[in-house]
S.K.: 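The structure under discussion is supplied below as structure tokens; questions concerning it will follow.
Naming convention: chains lettered A, B, ... in sequence-line order (proteins, then strands); numbering from 1 in each chain. Everything numeric in this text was worked out from a predicted model, so none of it was measured.
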Amino acid sequence: MDRKARVLVAKPGLDGHDRGAKIIARALRDSGYEVIYTGIRQTPDMIAEAALQEDVDVVGLSILSGAHMALVPRVIEKLKELGMGDVVVLVGGIIPDEDVQALKDMGVAGVFGPGTLTPEIVETIEKALGRELA
Amino acid sequence: MDLTTVSGLTEAVQAGNRRALARVISHIENNTELAMPLLTALYPRSGKAHVIGVTGAPGTGKSTLVNALAGVYRRNDLTVGVIAIDPTSPFSGGALLGDRVRMRDLAGDPGVFIRSMATRGSLGGLAQATADVIMVLDAAGFDRIIIETVGVGQSEVEIASAAYTTVVVEAPGLGDEVQAIKAGVLEIADIFAVNKADRDGADRTVMALKMMLNLGVPEKFQVMHHGRMLPVNLPKAENLPQGWTPPVIKTVAVSGEGADTLFEAIENHRLYLEQSGGRILRDRLRAATELRMILRDYLLEDLLARTEPATLEALVEAVARRELDPYTAVRQLVSENNG
Ligand SMILES: Nc1nc2c(ncn2[C@@H]2O[C@H](COP(=O)(O)OP(=O)(O)OP(=O)(O)O)[C@@H](O)[C@H]2O)c(=O)[nH]1
Ligand SMILES: [Mg+2]
């Protein structure tokens, strides 16, 4: 990596615990990323604005509430509105198979269920950023 | 506006375009080829903001306090830029930047801009990068710029030198109060905030701090340049204004209690610096240090670029084998390249 990619990890929606998101945030730090962690109960506006201010390359959304089909398109739309349409969007959480393709069709670069190993996420990020893996 | 060019970015930043501001900060952090021309273009626009450093041990409540303090500034119609600095992991080179979690009250306010920064490379490099990012926020028109750093020794001194007012955050219950107040911190503090004042022991921490302050505040400007790597000759410490005694303020950052008092203390210190001429002297001191640092880096890079790698390698070998002392090696290197 020529420079540290910056990743925003956010937890949209109203469900209150963020253990999974924190674990991912730490794993990505340990893989060499600069991870901006914003915590729970983030609205799509808050996420997009934080992504803009932090000038991140990647936005990772952790969604356990089942509201992914409502939340993800709103985040993507807000990002586009702010001129951040290039940002790589990843979704983690419990996502039914039938929704995975729908999310990808919206522009999500990767969908990760519980227990996904970090190298898989790293590979998805690097590929989406158009970088060679070392 | 074209956010890929220096002029486009510079114009957009001054027009209040937040995306442009974020991009410019990235150019500076990553030291891209646009970094230097951007700094050159923006520098003349800077110099108006008051820069506030907030430092203290991990978990003392710095981010929560910045959140409350920025809120007070906003209620007073002043805009705020925040730079929150966290350490880069020495193992992975990555970083977990979590200060925004405590600053959610500021989300959605166009008068606030928060940027998280990792320490990345060397300390000296961080101090320079921080100073540059402060300058950009300043040129973007923010009235106050708050820098949060975790106080772990030299770094707080380094970064404090970029602030006009340094707030040192203490919290009760960090063990023996006097022990907890590390040497070096007294010298950089313009204001003490004893946060988590809702907890037992806050009064004891306040007392301990006041006692230490009464034992005599070291002459801070003198310490400031001893804290730097390079000697600064002008201006002399004894010519700098004295007479500011750091106030000790109790705060409860989670409820915002005490944030108004802290705001007043910071603004008093700002006025004090302005009226005593301290701000001008600090600017001169910093300019002198900055010039020397940049010059040193520039000369080093320039010389190394003009030196054959083999020549350097031979000198390194000779010094390692003790055939040559490093001082003579350097003099040889310099005279060969200037000949
Ligand atoms: N009781 C109490 N808790 C507080 C207060 N201020 C902050 N906290 C809590 O202290 C913890 C740490 O707060 P932060 O604001 O993240 O502290 P910090 O100094 O920024 O931490 P680092 O950036 O990790 O060094 C959080 O759980 C806060 O809610 C306070 O005034 N009273
Ligand atoms: Mg913090």
S.K.: State, yes or no, whether a side-chain contact exists between B:R104 and A:Q42 at a heavy-atom distance under 4.5 Å.
M.R.: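 Side chain of B:R104 against side chain of A:Q42, heavy atoms only: contact under 4.5 Å found.
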
S.K.: Which residues in residues 64-82 of chain B have any heavy atom lying under 4.5 Å from a heavy atom of chain A?
M.R.: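 Contacts with chain A: none.
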
S.K.: Report, as yes or no, whether the 6.0 Å neighbourhood of atom CD on B:E33 holds more than 12 heavy atoms from other residues, nucleotides or ligands.
M.R.: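 No.
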
S.K.: Less than 4.5 Å apart, any side-chain heavy atom of A:Q53 and any of B:L21?
M.R.: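 With C-beta onward as the side chain, the pair stays apart.
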
S.K.: Passes side chain to side chain contact (heavy atoms under 4.5 Å, CB included), B:L97 versus A:R6? Steps please.
M.R.: CA-CA 10 Å; B:L97 312 170; A:R6 285 164 70 85; 4.2 Å; yes

S.K.: If you count the non-hydrogen atoms of other residues, nucleotides and ligands that lie under 6.0 Å from CE in B:M36, is the total more than 12?
M.R.: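 Open.
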
S.K.: Using side chain to side chain contact (heavy atoms under 4.5 Å, CB included), reason through A:L82 and B:R19 one step at a time and then give a plain yes or no.
M.R.: CA-CA 8 Å; A:L82 295 180; B:R19 171 100 176 105; 5.9 Å; no

S.K.: Tell me, for B:V24 versus chain A, whether the close heavy atoms (under 4.5 Å) come from the side chain, the backbone, both or neither.
M.R.: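 Nothing of B:V24, per the 4.5 Å heavy-atom cut-off to chain A.
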
S.K.: Which bit of A:L52 comes within less than 4.5 Å of chain B, counting heavy atoms only: side chain, backbone, both or neither?
M.R.: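 A:L52 touches chain B through backbone and side-chain heavy atoms alike.
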
S.K.: Tell me if the CZ atom of B:R18 is crowded by more than 12 foreign heavy atoms within 6.0 Å.
M.R.: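 Count over threshold, so yes.
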
S.K.: Taking 4.5 Å as the heavy-atom cut-off, does anything in residues 86-95 of chain B contact chain A, and if so which residues?
M.R.: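 When heavy atoms of chain A are the reference, residues 86-95 of chain B contributes B:S89, B:S92, B:G93, B:G94, B:A95 within the under-4.5 Å range.
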
S.K.: What heavy-atom pair brings A:T38 and B:V101 nearest, and what distance separates the two atoms?
M.R.: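 Minimum heavy-atom contact is C-CG2, 3.7 Å.
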
S.K.: Looking at A:R26, A:R41, A:K22, which has the largest count of heavy-atom pairs under 4.5 Å with chain B?
M.R.: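 Of the candidates given, the most pairs with chain B belong to A:R41.
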
S.K.: Should we count CG of A:D97 as having more than 12 external heavy atoms under 6.0 Å?
M.R.: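 No, because the 6.0 Å sphere around CG of A:D97 holds 12 heavy atoms or fewer from other groups.
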
S.K.: Does CD belonging to B:E257 count more than 12 external heavy atoms closer than 6.0 Å?
M.R.: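 Counting neighbours around CD of B:E257, 12 or fewer heavy atoms of other residues, nucleotides or ligands fall under 6.0 Å, so no.
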
S.K.: Is it true that, when you exclude A:L14 itself, more than 12 heavy atoms of the residues, nucleotides or ligands shown sit nearer than 6.0 Å to its CG?
M.R.: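 No.
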
S.K.: Enter the distance from B:S116:OG to A:I36:CD1 here, rounded to the nearest 0.5 Å.
M.R.: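 Going from OG on B:S116 over to CD1 on A:I36, the span is 5.5 Å.
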
